[in-house]
Number of protein chains: 2
Amino acid sequence: MSQRHTGITDQLTPPVDATPHSHPLADCPLREVLALIGDKWSTQVLVQLGAGPRRFTELERAIEGVSRRMLTLSLRSLERNGLITRTVHPDAPPRVEYATTPLTNGIREPLEALAAWADRNRPAIAAARRAYDTHH
Amino acid sequence: MSQRHTGITDQLTPPVDATPHSHPLADCPLREVLALIGDKWSTQVLVQLGAGPRRFTELERAIEGVSRRMLTLSLRSLERNGLITRTVHPDAPPRVEYATTPLTNGIREPLEALAAWADRNRPAIAAARRAYDTHH
DNA sequence: CTGGATCCAGGTGGATACTG
DNA sequence: CAGTATCCACCTGGATCCAG
């Protein structure tokens with residue numbers, strides 16, 4: 001990934017321009033984060049677990065539209081990356097509880113900011129979409 | 001990509017637990033935001049345009065691994081949702097420039113926060129992954 | 001240069017059935 | 001309850017060719 005044709009292998013961040021307010025976004029971390037929680041269900045799981053530990057079936061019921069397979073895959077992925085914990089209780093009817101981790105707590109704030117942005121700009125986005133759809 | 005015909009209109013009502021406590025994290029906005037920039041290339045485009053306007057071919061060269069088709073689709077999606085502008089200059093060799101919008105500026109900060117989180121916790125995530133892979 | 005249109009291989013995820 | 005296994009329809013995206 002290079003800028004223009006300098007021929008020089010530079011950083012992954014784009015060239016810094018003259019605009020004073022422009023902070024180059026490091027894109028690699030962004031891709032990593034999207035690899036963690038960018039899929040359809042992971043954020044939903046995090047939202048649910050943000051309100052306290054949940055059992056598998058509770059999550060399945062709470063997250064509308066998720067299949068058992070996809071919920072399992074999402075939970076495994078989140079667990080593997082340290083974003084949630086999975087604890088099996090040795091009960092007669094099997095009981096498994098999922099919960100957040102310190103890692104999760106750190107990511108909550110950025111996600112909230114993102115959600116807040118979406119909330120604030122919902123009208124603007126809808127308007128842009130209407131305008132585009134009208135003209136095309 | 002966001003031109004799936006289901007779009008965001010297929011959104012399902014959020015869980016809304018019975019308790020009067022409000023969730024700190026509204027999930028619907030999160031799904032909306034992921035529908036906008038959750039795919040593989042949109043964030044890369046935003047990163048590039050964050051450093052200034054870019055032409056189609058410049059983006060294609062700068063974003064490693066993207067195909068013309070996917071770049072086009074991503075650009076169309078971002079444009080439709082008001083996150084970038086597309087201006088055609090009436091030059092002899094066709095010249096199109098993409099640029100950010102006020103909407104983009106608003107989302108930059110949350111995205112940076114997310115990237116910063118990923119950067120800070122890269123070791124923790126890697127460790128969690130190693131631990132998981134070892135045990136399984 | 002900036003795309004659109006088409007074809008097709010490969011991946012994704014729902015449905016279903018089965019297990020400890 | 002909490003998954004796993006399998007099958008398969010569908011979607012995604014790369015490759016290629018074409019056009020303004």
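Labels below follow one simple rule: chain letters A, B, ... track the order of the sequence lines, proteins then strands, and each chain is numbered from 1.
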To the nearest Å, give me how far apart CZ (Arg54(A)) and P (dA2(D)) are. 13 Å

Whole-Å distance between dA2(D) C1' and Glu58(A) CD? 13 Å

Classify the side-chain pair Tyr98(B)/Arg54(B) by whether it contains a donor and acceptor separated by less than 3.5 Å. no

So, taking the atom named OG in Ser77(A) and the one named CG in Leu83(A), what distance separates them when rounded to the nearest 0.5 Å? 8.0 Å

Could you identify which residues of residues 83-94 of chain B place a heavy atom less than 4.0 Å from some atom of DNA chain C, listed by residue number, or say none? Arg86(B), Pro94(B)

Glu97(A) or Gly65(B), whichever maps to the more 5' nucleotide of DNA chain D: Glu97(A)

Give the rounded distance in Å between these two atoms: CG of Leu75(A) and C1' of dC1(D). 14 Å

Candidates dG13(D), dG3(D), dA2(D) - which lies nearest the side chain of Arg68(A): dG3(D)

Can you measure Leu59(A) atom CG to dA2(D) atom P for me and round it to whole angstrom units? 9 Å

Taking any atom closer than 4.0 angstrom to a non-hydrogen atom of chain B, what span of DNA chain C does the protein reach, first nucleotide to last? dC1(C) to dT6(C)

From CD of Glu79(A) across to P of dA2(D) the rounded distance in Å is 15 Å

Taking Thr100(A) for its side chain and Ile84(A) for its backbone only, find out whether a donor-acceptor pair lies under 3.5 Å. no

Let me check something: do Val96(A) and Tyr132(B) share a hydrophobic cluster, defined by ILVMFWY side-chain heavy atoms less than 4.5 Å apart, either directly or through other members? no

What integer distance in Å separates Arg69(A):CZ from dT6(D):P? 12 Å

Arg76(A) CZ to dA2(D) C1', in whole Å, measures 9 Å

Report the residues that fulfil side-chain contact (heavy atoms from CB on, under 4.5 Å) with Ser74(A), sequence neighbours left out, ordered by chain and then residue number. Asp39(A), Trp41(A), Ser42(A)

With a sphere of 6.0 Å drawn around CD of Glu109(B), does it hold more than 12 non-hydrogen atoms of other residues, nucleotides or ligands? no

So, taking the atom named OG1 in Thr104(A) and the one named CG in Asn81(A), what distance separates them when rounded to the nearest 0.5 Å? 11.0 Å

Nearest-0.5 Å distance that lies between atom CG in Leu49(B) and atom CD in Glu58(B): 10.0 Å

Distance from Glu112(B) atom CD to Leu30(A) atom CG, nearest 0.5 Å? 9.0 Å

